[in-house]
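Quick note on labels: first sequence line is chain A, next is B, and so on, each numbered from 1.
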Amino acid sequence: MEYNHQSLEKKWQHFWADNGTFKPSESTDKPKYYVLDMFPYPSGAGLHVGHPLGYIASDIFARYKRLKGFNVLHPMGYDSFGLPAEQYAIQTGQHPAITTDANINRYREQMDNIGFSYDWSREIRTSNADYYKWTQWIFMQLFDAWYNKDSDKAESINTLIEKFETSGSLGIKAVSDEDVNEFTAAEWGAYSEEEQQRELLKYRLAYLRESTVNWCAALGTVLANDEVINGLSERGGYPVEQKKMMQWSMRITAYADRLLRGLDTIDWPEPLVEMQRNWIGKSVGASVKFPVPQINTDIEVFTTRVDTIFGVSFVVLAPEHDLVSTLTTEAQRAEIEAYIDKTSKKSELDRMADTKTVSGAFTGSFAKHPITGEDVQIWIADYVLAGYGTGAVMAVPSGDQRDYVFAKHFNLPIVPISDTQQLDEAADANKDGKYINSGFINGMTYEEAVPALVAKLEELKLGKAKVNFRMRDAIFGRQRYWGEPVPVYFKNGLPYLINEAELPLLLPEVDKYLPTESGEPPLGRATDWKYQDQYEYELSTMPGWAGSSWYWFRYMDPQNADAFASKESVEYWKSVDLYIGGSEHATGHLLYSRFWNKALKDLGFHNEEEPFKKLINQGMIQGRSSFVYRVLDEEGRGTNQFVSLGLKDSYKTIALHVDVNIVHNDVLDTEKFKASRPDYALAEFVLENGKYICGTEVEKMSKSKFNVVNPDDIISAYGADTLRLYEMFLGPLEQAKPWNTNGIEGVYKFLRKVWRLFHDAEGNFHVSDEEPTKAEFKAVHKIIKKVEDDVERFSFNTSVSAFMICVNELTDLKSDKRKVLEDLLIVLQPYAPHITEELWSLLGHKAGSISYAAYPVFNPAYLVESEFAYPVSVNGKMKMNLSLALDLDQKTVEETVLANADVQRYLDGKAVKKLIFVKGKIINIVV
RNA sequence: GCCUAGGUGGUGGAACUGGUAGACACGCAGGACUUAAAAUCCUGUUCCCGUUAAGGGAGUGCGGGUUCGAUUCCCGCCCUAGGUACCA
């Protein structure tokens, strides 16, 4: 029988599904291992050949770990709330749940064709009520929590209430809003219920507050910072503006430091760690107050270089700064107002793009230098951002390039503050010199000056050491329909949690998926809330990242109706050992997940500080578009003639995308091309060597470029095993690469060779029980070792090559020995599960048992040779090959090599200065 | 600008801690089998010189350095991709 992937693969996929082959058990002596893929949003386009890359890699790893004796949890599900289904619903009126279900079914079908070892009994969908019940429940825990800086963790809000009741707000160190009140226990007791709730809201981890948000009018919703790219929405690319609104937020800033520290404890790709670091944006410095006596207030600035404080020659405020209007003198008012007007007209994009033009205006007021007491001018300029730090900076032209340019432009003083500064052309920020013109720190070094200054500022009550973060709290509400309802109702304008017993708070039906006439979110249309007459429900829903910020826990115990997962299952599976997915989630999902994980840990629901121990980013697979060249006539109109790539330069042509599915190895199938479109029916071709060669270009995979390759097509032509091997063979997992079917034949040929190892010339199954030869053992033990090494370091592409070498060797040896072939099958199983499963059962083993076979033990003895040949160079130049017996000591090797006639001839009487040994061999002779 | 990753044949890529650069595969060329084609198998394939050959030379983005020996380590530069951006 020949290798027939079609029937064989279907057969085993059904067998695995029917027998629950990949269900892990929690009652086992085996150590656990949790392999997770980032679950997909099920889009309408289905999977293309790029999507499964990471899934194949994780599947190989999961299968390998099973062979290595681990109890493996390898689940899959869907992040099924999201904008596209809702946009589609707005256009067609079809309920998003229906589209979503249809898309999920398509995804599932496609994934099943690839032969993944997921435990589908644990499938989850974030839009299912029995799932989002727990997303809502977690929201409630976060609402009922505050961050205690003393214990450095989140605690139940009750511990805060207790403190308020016993000692008031005194001595409480919490992460909270800026505008918290100070009160005694007695005052707290005298607060009304409403006043108490209003105050508590300023401490909760999930809170409601008036904040400046990114409002996207086209999408009709607010967006989180990571959903806005260059002032445009990530989805759809619509303009985004800043707007003040009452909004749900998550106090992620409470965790800024722990999120940063945790990065050192996890094994993630460096670029990703770096992205999170930048996003969190910790800067260590000082906050300094510049008094403005005439209006009896201070301008607070943040600086990372307090040591340059004596170089301050002016202070700059952002044009949006609260004090601008009070500080502006009558003489300057017209100028300032004109400037504010001008900058407010600039869009976010313009302001970012234009960093060269120097602009600003003088307010007319002066502040006092906190140490010298001298007057410094107060300016406004749009290079100072309202959203970072305090929205004001102390300008040190000698130490900061922006301040330098500004000072030059407006003729403000530039004071050197270090004896090593070079200020002819630019600011000089070096910290190496000794201070000059700097009062009491003159002559000090940087290391001495900083603590001295901080102490001085504290003494003057005009400053203190401060750590600043770039990261802002995450906006949590969305004015959309297709998301989790927030389990909150309002009383006198204040939010209260609904009863836990009322969970899940079901997403109500609406007549339309658009905002109401009065501008409320779509949920304002709902008429079937359970307690509609009693409650004034919250109308916004949760953002897309809510459901994905805890989903790895649900897989541990997906059907549990009493908890998001049982205590036992959480204690057993702990956290994800290996997580595979794209780097586009660096500052979104991966940050929010770490945040929720830490909060849930603090509140006592599990014990793991980090959710994903090791993370791998698979590279994006790009499309490889093909082009045909249509010949143009004198007027530049297209003719029916198409010219092959190599000859196109002698014609006037236009390049047209052609469907990559009718091109093989860059050769166009001309008949299929003619049939593809009516206006190509009469096409004529100018061929080279009898073929029409297409041009190519690497672009994003998309329908409009005719370069989408569907995995189903590859599978029906070559089989799932070929697809799996080929996707791995394409190159390093983490590298972005274009899809290119050109090499797939080689992988397919390899699988046929594997099949033939088990079949005789007539095609009958045949293996021998004889003892393998040394050469056969050697071939197999090489691959046992190689795959072990490769899989552990995620170098799947080199394994595929090694398999090919191994099978070529066994084919040359005409090997048919059961002992070596069985080992080969086990080692190959993670990569090509279908063919190995089939051959395994033909060998007489129980069906399905290969998935839990023991990974063969590598025996280095099989790789050792009795004699080895190796090259010896003279002065680094390769000269000759020598062959020596093994087990010689260094001295004997030395004598034998030097006695060798060839060596003597090359040395030509010259004296040997040194012999270089590597692993007991002489590798180089220095003369 | 800054941060991160990378630059190796016609192509995808290999070379794990410095030790025969180009494994493996594609493509291409030639051959075997076949009436023929497909399929399959075999041989060759970094570049240059050498009629074939024996042989020689160059070669991992560019320029230096360390070393007996560098794709690998160090310094400077160029280019590509991703991220980020008046963050004080």
Side-chain angles (χ1 to χ4, degrees), chain A residues 2 229-230 269-275 277-279 281-283 285 301-305 308 316 318 351-358 381-385 387-396 399-403 405-406 468-471 583-584 586-587 617 619-620 624 665-667 689 696 726 729-732 734-747 749-750 752-753 756 786 789-790 792-793 795 797-806 808 811 869-881 913-919 921 923-927:
Chain A
E2 261 299 304
I229 293 160
N230 286 337
E270 196 48 41
L272 209 114
V273 169
E274 205 55 37
M275 271 190 244
R277 263 195 205 118
N278 292 340
W279 188 261
K282 178 178 184 172
S283 19
V301 303
F302 175 75
T303 177
T304 51
R305 291 293 302 270
T308 63
V316 190
R351 202 163 148 175
M352 283 193 291
D354 179 24
T355 59
K356 299 233 164 57
T357 325
V358 182
D382 65 1
Y383 80 87
V384 176
L385 304 176
Y388 182 75
T390 59
V393 301
M394 59 178 222
V396 185
D400 183 286
Q401 185 58 24
R402 291 156 305 176
D403 299 342
V405 172
F406 196 83
N468 212 29
F469 291 95
R470 195 188 82 112
M471 185 168 68
S583 59
E584 65 272 20
T587 53
N617 288 133
M620 222 217 327
R624 187 171 184 272
N665 288 337
D666 298 340
V667 177
N689 304 325
T696 62
Y726 188 60
F729 182 69
L730 217 47
E734 308 202 26
Q735 187 179 302
K737 50 207 168 254
W739 177 263
N740 173 355
T741 322
N742 286 356
I744 202 164
E745 298 277 349
V747 171
K749 265 188 228 170
F750 158 75
R752 266 193 315 225
K753 282 184 192 166
R756 284 190 192 141
K786 176 76 175 154
D789 291 349
D790 283 352
E792 299 283 355
R793 63 191 173 104
S795 177
N797 57 326
T798 51
S799 284
V800 180
S801 295
F803 279 124
M804 291 178 178
I805 296 169
C806 175
N808 284 342
T811 305
Y870 69 98
V872 175
S873 51
V874 175
N875 281 351
K877 293 264 180 192
M878 226 285 280
K879 288 298 180 192
M880 71 214 93
N881 279 305
K913 280 193 197 142
K914 202 168 151 194
L915 294 168
I916 311 292
F917 279 85
V918 172
K919 287 180 196 158
K921 307 178 198 176
I923 218 114
N924 191 21
I925 303 170
V926 187
V927 295

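Atom CZ of A/Arg305 is separated from atom C1' of B/rA88 by 11 Å (rounded to the nearest Å). Note: CD (A/Glu274) to C1' (B/rA81) measures 17 Å, nearest angstrom. Between the CE atom of A/Met275 and the P atom of B/rC2 there is a distance of 19 Å, rounded to whole Å. Across the protein-nucleic acid pair, A/Asn617 atom CG and B/rG6 atom P stand 14 Å apart, rounded to whole Å. Regarding A/Tyr726, its OH atom lies at a distance of 14 Å from the P atom of B/rA25, rounded to whole Å. Look at CG on A/Asp403: it is 15 Å from P on B/rC86, rounded to the nearest Å. Atom CG in A/Leu385 sits about 9 Å away from atom C1' in B/rA88, given to the nearest Å. What separates CG of A/Asn278 from P of B/rC86 is a distance of 13 Å, to the nearest Å.
Taking atom P in both B/rC68 and B/rG13, the straight-line distance is 36 Å, to the nearest Å. The same atom, P, is picked in B/rC62 and in B/rU67; the two are 23 Å apart, to the nearest Å. Separating the C1' atom of B/rG44 from that of B/rG10 is a span of 16 Å, rounded to the nearest Å. As rounded to the nearest Å, B/rC77 and B/rC86 have P atoms that lie 26 Å from one another. Taking the C1' atoms as reference points, B/rA5 lies 23 Å from B/rA21, given to the whole Å. Only the C1' atoms considered, B/rG61 is 27 Å distant from B/rG56, to the nearest whole Å. When the P atom is used for both B/rC3 and B/rG9, the distance is 28 Å, rounded to whole Å. Taking atom P in both B/rA39 and B/rU20, one finds a spacing of 38 Å when rounded to whole Å.
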Could I get a table of every N or O pair under 3.5 Å where one atom is in the protein and the other is in nucleotides 38-42 of chain B?
from	atom 1	to	atom 2	distance (Å)
B/rU40	OP1	A/Arg752	NH2	2.4

Which atom pairs link the protein and nucleotides 56-59 of chain B when you take only N or O atoms and keep those under 3.5 Å?
none

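Across A/Phe406 and A/Ala381, no two heavy atoms sit closer than the pair CE1-CB, 3.6 Å. The minimum heavy-atom distance linking A/Met394 with A/Arg305 is given by the pair CE-O, 3.7 Å. A pairwise comparison of heavy atoms in A/Lys737 and A/Gly731 identifies NZ-O, 4.0 Å as the closest pair. Residues A/Pro738 and A/Leu730 come closest through the heavy atom pair O-CD2, 4.4 Å. Nearest heavy-atom pair across A/Phe302 and A/Ser283 is CZ-O, 3.6 Å.
The partner of B/rG27, taking Watson-Crick or G-U wobble pairs whose two distances both stay under 3.5 Å, is B/rU45. When both distances must be under 3.5 Å, the Watson-Crick or G-U wobble mate of B/rG76 is B/rC62. For B/rG69, there is no paired base (Watson-Crick or G-U wobble, both distances below 3.5 Å). When both distances must be under 3.5 Å, the Watson-Crick or G-U wobble mate of B/rA14 does not exist. Across every strand in view, B/rU35 sits unpaired, with no contact that passes the Watson-Crick or G-U test at under 3.5 angstrom. Nucleotide B/rC2 is matched to B/rG83 when pairs are restricted to Watson-Crick or G-U wobble geometry with both distances under 3.5 angstrom. Under the Watson-Crick or G-U wobble criterion, with both distances below 3.5 Å, B/rU20 is left unpaired in every strand shown.
A donor-acceptor contact shorter than 3.5 Å links the side chain of A/Tyr726 to the backbone of A/Gly743. Side-chain N or O atoms of A/Arg470 include none that pairs as donor or acceptor with a backbone N or O of A/Tyr388 at under 3.5 Å.
Nucleotide B/rG63 carries an anti base; the chi torsion (O4'-C1'-N9-C4 or O4'-C1'-N1-C2) is more than 90° from 0.
For A/Phe750, there are no ring-ring contact (aromatic ring centres under 6.0 Å, His included) partners at least two apart in sequence or on another chain. Annotation: side-chain hydrogen bond (donor to acceptor under 3.5 Å, both in side chains) contacts of A/Asn797 (sequence neighbours excluded): none. When the salt bridge (charged side-chain N to carboxylate O under 4.0 Å, His left out) test is applied to A/Asp403, no partner is found at least two apart in sequence or on another chain.
Taking every side-chain heavy atom of A/Ile805 into account, B/rC24 is the closest of B/rA88, B/rA85, B/rC24. Closest to the side chain of A/Asn808, from the set B/rU4, B/rA25, B/rA88, is B/rA25.
Along RNA chain B, the nucleotide nearest to A/Ile744 and the one nearest to A/Asp400 differ in position, and the one closer to the 5' end is contacted by A/Ile744. Residue A/Ala802 is the one, among A/Ala802 and A/Ser283, whose nearest nucleotide of RNA chain B lies closer to the 5' end (criterion: closest heavy atom).
Taking 4.0 angstrom as the limit, A/Tyr383 places none of its side-chain polar atoms (N or O) nearer than this to OP1 or OP2 of B/rA88. Taking 4.0 angstrom as the limit, A/Arg402 places a side-chain polar atom (N or O) nearer than this to OP1 or OP2 of B/rC87.
Proximity of A/Val384 to A/Arg402: side-chain heavy atoms (C-beta onward) are nowhere separated by under 4.5 Å.
Of the candidates A/Val393, A/Asp382, A/Val301, A/Val316 forms a side-chain contact (heavy atoms from CB on, under 4.5 Å) with just one, namely A/Val393.
One finds the NZ atom of A/Lys786 at 12.5 Å from the SG atom of A/Cys806 (value rounded to the nearest 0.5 Å).
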*Check step by step if side chain to side chain contact (heavy atoms under 4.5 Å, CB included) holds for A/Val747 and A/Met804.*
CA-CA 8 Å; A/Val747 171; A/Met804 291 178 178; 3.9 Å; yes

*Protein-to-nucleotide contact annotation, 5' to 3' order, nucleotides 13-19 of chain B [B base; S sugar-phosphate only; - none; under 4.0 Å, heavy atom]*: SSS---B

